[in-house]
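Note that ligands are numbered from 1 as they come in the structure, with each ligand's atoms numbered from 1 the same way.
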Amino acid sequence: MGVMVFVFFAFSLFAFDHGVSGKSIARVEDFELEQQLKQLNKPFVKSIQRKDGRIYDCVLINKQPAFDHPKLKYHVLQMRPTSFPQGLKLHDESSTLTSTYLEELEDGGCPIETVPIKRILKEDLIRTKSLSGIHPLTQDRGGSHYANTTNRIPFGDGYYGAQAIIGIYNPSVSYGQASEVMISISNGPPLNNIDVGWTVNPILYGDYRTRLFTRWTGSHNTGCYNTNCPGFVQTNNKIPLDNHLWPISTYGGDQHGLAFSIFQNNETNDWWLNIGGSTLGYWPASLFDSLSTNATSIVWGGATHSPVAAIYKAQMGSGRFPDEGYGKACFFSHIQLVNEKTSNVFTEPSFVTTSADKPLCYNVNGNAKIGDGTGYSFFFGGPGGICGY
Ligand SMILES: *[C@@H]1O[C@H](CO)[C@@H](O)[C@H](O)[C@H]1NC(C)=O
Ligand SMILES: *[C@@H]1O[C@H](CO)[C@@H](O)[C@H](O)[C@H]1NC(C)=O
Ligand SMILES: *[C@@H]1O[C@H](CO)[C@@H](O)[C@H](O)[C@H]1NC(C)=O
């Protein structure tokens with residue numbers, strides 16, 4: 001009996017104590033968030049609010065968040081690559097597809113010498129807390145699935161660029177899930193990678209629109225999405241890294257695609273990002289170890305991420321299987337890579353393997369024909385849902 005009373009007393013003490021410190025923890029957290037925001041959001045010369053409410057601050061280009069990275073302390077800002085690889089894809093010339101636009105920021109974009117950086121709000125920090133430090137290539141969250149095409153390099157060689165036109169869709173996902181379509185370049189171990197493409201990711205963006213996304217992992221497992229941590233140097237004053245995409249392809253209707261290219265500047269070794277013919281910016285070589293030399297693997301394809309316990313998986317691509325073909329399944333076309341540093345030319349890949357880890361949910365068809373002059377292409381994707389059990 002005495003023990004029971006003691007236990008009860010101890011428990012209520014604990015509960016009481018917990019209740020009080022719970023509130024002060026919330027206050028401390030709030031204060032910490034405010035401090036974090038002050039650090040993250042830079043002074044700006046102008047800000048632009050989009051129709052969807054998102055605010056972009058026009059920050060002096062040499063004062064943007066990237067330069068908070070200790071490795072970029074003495075980095076010399078590059079305004080453009082010193083050379084472009086030959087054959088850089090700007091848009092589809094075959095006229096099978098209609099391009100998706102990168103709708104520029106309203107009001108002519110940011111003034112000269114400044115670049116648009118999404119203003120981070122307290123709610124963004126709270127929402128994305130679960131994403132910080134996640135590099136899905138090194139830390140599989142258990143609920144991640146893939147359908148892709150990989151180009152592995154013969155030992156000792158390297159890749160210096162990858163590009164494709166990617167079909168643009170709006171797959172359905174639930175809160176807490178993400179659906180991604182991307183080109184992923186990597187080297188290692190230890191793993192270094194850069195992923196670029198489009199995604200629907202309500203935790204990352206706070207909405208269910210199809211948006212551009214990028215993600216990198218550099219030395220010592222550093223890195224993040226977009227400009228959520230210092231790293232990517234934005235040079236474009238009109239198109240932010242998280243831009244929404246429009247128009248979207250419809251099932252059985254118009255197909256819209258967008259050209260994504262990532263390539264290493266063969267003099268500085270920085271990795272540049274070009275989307276739909278616009279140069280957005282670059283990841284300086286000094287962020288990486290192995291990837292500052294070359295990439296040894298290039299992957300084109302889709303991924304979905306769900307909490308491990310989720311019964312319903314997100315859709316991938318158009319939400320349809322690849323065997324439905326053009327007009328219905330999501331696609332990559334005009335797939336090319338750069339495999340020689342000095343000649344610096346985009347060519348078709350030659351060591352391609354396809355892979356899907358849950359073919360009852362999502363699959364990939366490596367032998368697709370989209371139309372004349374659409375180059376090496378494939379279909380991929382699937383409905384997710386309750387599958388693979
Ligand atoms: C590419 O990177 C790998 C791994 O870092 C390295 O072993 C190889 O020598 C590099 N290739 C070239 C051609 O530089
Ligand atoms: C870089 O590529 C250009 C062609 O785009 C070529 O003329 C030049 O020689 C290359 N430089 C190096 C260092 O490989
Ligand atoms: C490609 O798919 C395989 C599984 O089929 C997966 O293990 C790998 O991580 C995927 N690669 C990328 C970059 O998504």
Measure from the ring center of His75 to the ring center of Tyr282 and say whether it is less than 6.0 Å.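 Here the rings of Tyr282 and His75 have centres that are less than 6.0 Å from each other.
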
Is the distance between the ring centroids of Tyr160 and Phe263 under 6.0 Å?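 No, the ring centres sit 6.0 Å or more apart.
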
Quick check: is Val233 connected to Leu60 through a chain of hydrophobic side chains (ILVMFWY, heavy atoms under 4.5 Å apart)?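 No; tracing contacts between hydrophobic side chains, which count when under 4.5 Å, never links both residues.
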
Contact atoms of ligand 2, heavy-atom distance to Phe84 under 4.0 Å: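 Selected atoms, number and element: 5 (O).
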
Only heavy atoms of Lys341, strictly under 4.0 Å: list the atoms of ligand 2 that pass.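 Answer, ordered by atom number: 14 (O).
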
Within a strict 4.5 Å, meaning less than it, do heavy atoms of the [X] and [Y] side chains meet?
X      : Y      : result
Ser318 : Glu324 : no
Asp157 : Asn339 : no
Asn365 : Phe380 : no

Per-atom contacts, ligand 3 versus [X] - under 4.0 Å to a heavy atom:
X      : value
Ala356 : 5 (O)
Ser355 : 2 (O), 3 (C), 4 (C), 5 (O)
Asn148 : 1 (C), 2 (O), 3 (C), 8 (C), 10 (C), 11 (N), 12 (C), 14 (O)

Distance in Å, His145 NE2 paired with Cys387 SG, rounded so as to fall on 0.5 Å steps: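 So the gap between those two atoms works out to 7.0 Å.
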
Residue Thr293 vicinity, atoms of ligand 1 by number, heavy atom under 4.0 Å: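 Those qualifying, in numeric order: 14 (O).
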
Contact atoms of ligand 1, heavy-atom distance to Asp157 under 4.0 Å: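 That gives atoms 1 (C), 11 (N) of ligand 1.
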
Any protein heavy atom lying closer than 4.0 Å to atom 2 (O) of ligand 2?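 Given the 4.0 Å limit, the answer for atom 2 (O) of ligand 2 is yes, a protein heavy atom qualifies.
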
Less than 4.0 Å from atom 7 (O) of ligand 1, is there any heavy atom belonging to the protein?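 Protein heavy atoms within 4.0 Å of atom 7 (O) of ligand 1 - there are none.
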
Any idea which protein heavy atom is nearest [atom], and the distance to it?
atom                    : result
atom 14 (O) of ligand 1 : Asn294 ND2, 3.3 Å
atom 4 (C) of ligand 1  : Asn187 OD1, 3.4 Å
atom 9 (O) of ligand 2  : Thr342 O, 4.1 Å
atom 13 (C) of ligand 1 : Gly156 O, 3.3 Å
atom 5 (O) of ligand 2  : Asn344 ND2, 3.3 Å

Is ligand 3 under 4.0 Å from a heavy atom in the side chain of Ala147, in the backbone, in both, or in neither?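 Within the 4.0 Å criterion, Ala147 makes no contact with ligand 3.
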
Give the contacting part of Ser184 toward ligand 3: side chain, backbone, both or neither, where contact means a heavy-atom distance below 4.0 Å.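 The part of Ser184 near ligand 3 is the side chain, not the backbone.
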
Would you name the heavy atoms of Ile185 and Ala295 that are closest together and state the gap between them?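 What the structure gives for the nearest pair is CB-CB, 4.1 Å.
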
Shortest heavy-atom approach to atom 10 (C) of ligand 2 - which of Asn269, Thr82, Asn266: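 Among Asn269, Thr82, Asn266, the closest heavy atom to atom 10 (C) of ligand 2 belongs to Asn266.
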
Passes side-chain contact (heavy atoms from CB on, under 4.5 Å), Leu245 versus Leu258? Steps please. CA-CA 9 Å; Leu245 299 181; Leu258 186 61; 3.8 Å; yes

Which part of Tyr160 is near ligand 1, with near meaning a heavy atom under 4.0 Å away: side chain, backbone, both or neither?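 The answer is the side chain of Tyr160.
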
Tell me whether the guanidinium CZ or amine NZ of Arg119 lies under 6.0 angstrom from the six-membered ring centre of Tyr56 and within 45° of its axis.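 Geometry flag: not set, cation outside 6.0 Å or 45°.
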
Within the side chain of Asn237, is there an N or O that forms a donor-acceptor pair under 3.5 Å with the backbone of Ile112?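 Looks like no, no N/O pair under 3.5 Å.
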
